[in-house]
Student: 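Mind having a look at this structure? Questions to follow.
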Amino acid sequence: MFKSGNGHLPIVCGIKTIRRAIQQQSSALLFYQNRQLELYASKEAKRLTLRQLVYFGRHMNEERLITSANYVRTELPIRIAHRLRDLQALPYVVVTQEGVAKVYELYWSAFEKLRNYPKVTSLAENDRFCQFVGTLLNEHAPVIPNLSLGLSLSSPHLPPDKLDSFMRRMLISRISRRVLAEHHIALSDTFSGRGRETNGEPHVGIIFTGLNVKRSVERCSRLLKESPLWIMSSSGPSDSSQLPDVEVNGHSSTTFAYIREHLEYIIFELLKNSMLATYSKHQNESSTPSIQVTIVAGEHDVGIRISDQGSGLPFHDRLSKASDLFSFSHVRNATRLEDSRLGALRTASENGLRATVDEQVGNWHKAHAQDPIAAETTSSELLHPRIGIGLPMSNIYATYFGGTLDLVSLDGWGTDVYLRLPKLGTNLEGIEV
Ligand code: COI
């Protein structure tokens with residue numbers, strides 16, 4: 001026993017004894033914490049469907065909101081524990097790479113805080129719980145660039161399949177935790193009358209129940225045309241009026257229940273690539289061919305095809321398949337170890353990433369209004385155009401509820417991207433949560 005009755009170290013002992021006692025105390029603590037981790041990691045995640053999230057949130061009352069809070073409180077540490085075990089299983093050389101330790105620390109800290117968070121029993125306690133979870137969401141903003149940096153640097157030490165499946169589990173699981181947390185916060189906001197501005201579009205928590213696909217495509221296209229990304233990009237136009245137009249055809253009145261942020265993240269990234277490629281190919285011609293977006297409402301899913309005439313996928317000749325662009329391994333995607341990309345990742349690791357298109361573009365405009373010069377110099381961080389995670393993240397968002405994302409390059413002509421998202425909301429979250 002090295003603790004006195006009141007929990008402090010005994011006063012009458014030599015310096016060596018104290019040191020030994022502290023060492024014992026910290027290894028005992030570590031042992032205890034690891035036991036807790038084992039306990040949580042051995043539990044299965046309670047995976048949900050989009051439909052369950054909507055159904056539960058639709059008829060909200062105090063009791064249901066508190067049930068939702070306690071589900072989030074008990075579910076998040078289980079999901080984090082799974083990923084902490086994954087991180088512990090990585091070879092030592094990977095754990096020592098820049099960025100990886102930071103993610104591990106953030107996850108340990110969140111795991112401990114959530115595990116010890118007391119049961120929520122009232123609306124006032126739920127308000128405090130939402131604030132606590134909101135702080136965690138902000139603290140975790142640098143996770144993706146840190147992880148991408150660490151794993152890109154680890155690429156020479158991990159076989160590509162192992163690296164990519166680890167990254168996929170980390171990213172899917174992160175999306176899942178953020179969905180649970182953000183959905184609960186949004187439900188609580190609506191219940192207490194602090195609802196968000198949604199331009200009159202019906203929603204339950206973060207799920208838009210009649211999400212209009214054409215409207216989202218047009219919003220992303222408009223935001224891209226207004227965005228300062230082009231000023232920053234050395235290969236982009238000096239004036240966004242030179243960018244190609246986006247034409248929407250097909251079943252253009254399609255609506256379905258989906259998380260708007262996820263759909264728009266994907267569309268924004270895909271249109272951004274298409275616009276830049278099309279501009280680069282046709283900049284010296286009298287006109288720029290438009291980008292065609294075709295929307296199709298199928299029986300089980302919503303299909304979206306984005307066709308451009310931007311000459312095909314970059315580096316396609318060096319990839320064995322188009323989906324290698326989703327890979328974090330330099331074996332499959334050589335750009336992962338390029339100095340410019342690693343440098344941009346380091347900057348983003350410091351500052352965190354803005355996840356939504358509104359955050360990406362809106363924050364820049366806000367910053368620009370306050371301090372135009374500072375905004376110019378920080379916009380590369382806000383818009384992260386060069387860190388190479390837009391496509392892999394779009395693929396993760398697409399597949400989280402069982403959708404697909406495929407790229408077909410007609411080298412020398414253009415690229416067709418096919419996005420399919422399930423429209424019935426009955427698929428469970430990815431197995432990796
Ligand atoms: C993450 O963003 O990585 C999280 O795990 C967020 C969660 C702790 C609320």
Side-chain angles (χ1 to χ4, degrees), residues 33 36-37 40-41 43 45-48 53 57 65 68-88 90 95 99-118 120 125-151 166-189 205-207 259 261-262 265 328 345 348-356 359-360 384 387 389 392-393 396-397 400 429-430 432-433:
Q33 286 174 331
Q36 290 299 320
L37 181 66
Y40 278 78
K43 295 182 191 171
K46 291 195 185 87
R47 293 190 290 147
L48 296 177
L53 287 168
L65 195 60
S68 166
N70 285 309
Y71 165 70
V72 173
R73 181 182 66 84
T74 50
E75 184 68 10
L76 288 181
I78 295 174
R79 295 186 183 203
I80 295 181
H82 292 159
R83 299 295 72 88
L84 277 167
R85 293 294 284 126
D86 259 356
L87 281 157
Q88 289 181 339
L90 287 172
V95 183
V100 181
K102 163 108 183 145
V103 173
Y104 187 72
E105 276 161 30
L106 277 170
Y107 281 11
W108 248 119
S109 156
F111 171 68
E112 284 293 304
K113 287 181 190 162
L114 282 158
R115 173 172 83 74
N116 289 308
Y117 201 94
V120 177
E125 284 176 12
N126 181 48
D127 274 349
R128 279 193 288 281
F129 178 66
C130 287
Q131 273 171 24
F132 158 74
V133 174
T135 308
L136 286 182
L137 285 168
N138 285 337
E139 281 172 5
H140 283 229
V143 162
I144 291 186
N146 273 287
L147 208 53
S148 313
L149 177 63
L151 269 290
F166 168 81
M167 269 309 259
R168 182 173 167 78
R169 288 195 298 281
M170 293 300 282
L171 296 175
I172 288 259
S173 174
R174 179 173 192 266
I175 291 181
S176 82
R177 295 190 304 271
R178 293 183 86 87
V179 163
L180 297 189
E182 286 169 358
H183 190 57
H184 175 69
I185 294 175
L187 290 175
S188 304
D189 284 350
I206 58 168
I207 299 156
I259 300 173
E261 260 176 43
H262 290 192
Y265 181 97
F328 283 87
L345 272 173
S349 306
E350 297 288 313
N351 299 301
L353 278 190
R354 308 309 185 267
T356 67
E359 280 176 329
Q360 287 188 50
H384 52 86
I387 59 178
I389 60 163
M393 280 307 292
I396 297 283
Y397 276 120
Y400 168 50
E429 301 171 272
E432 301 91 344
V433 302

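The figures that follow rest on heavy atoms only: side chains count, while hydrogens, waters and symmetry mates do not. Both counts, for ligands and for their atoms, begin at 1 and track the order of listing.
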Student: So which protein heavy atom does atom 2 (O) of ligand 1 come closest to, and at what separation?
Tutor: R178 NH1, 2.5 Å

Student: Is the shortest distance from a Lys or Arg side-chain nitrogen in R178 or E261 to a carboxylate oxygen in the other one below 4.0 Å?
Tutor: no

Student: For atom 9 (C) of ligand 1, grab the closest protein heavy atom and report residue, atom and distance to one decimal in Å.
Tutor: L137 CD2, 3.8 Å

Student: Can you name the atoms of ligand 1, numbered from 1 with element, that are less than 4.0 Å from a heavy atom of R174?
Tutor: 1 (C), 2 (O), 3 (O)

Student: Which residue owns the protein heavy atom closest to atom 1 (C) of ligand 1, what's the atom, and how far is it?
Tutor: H140 ND1, 3.1 Å

Student: Do NZ/NE/NH1/NH2 and the carboxylate oxygens of E429 and R79 come within less than 4.0 Å?
Tutor: yes

Student: At less than 4.0 angstrom from any non-hydrogen atom of R177, what atoms of ligand 1 do you find?
Tutor: 1 (C), 3 (O), 4 (C), 5 (O)

Student: Can you find a heavy atom in the side chain of R174 that is under 4.5 Å from one in the side chain of Y107?
Tutor: yes

Student: Can you check whether Y117's main-chain N or O pairs, donor with acceptor, with R73's side chain at less than 3.5 Å?
Tutor: yes

Student: Salt-bridge test for E112 and R115: reply yes if a basic N is under 4.0 Å from a carboxylate O, no otherwise.
Tutor: yes

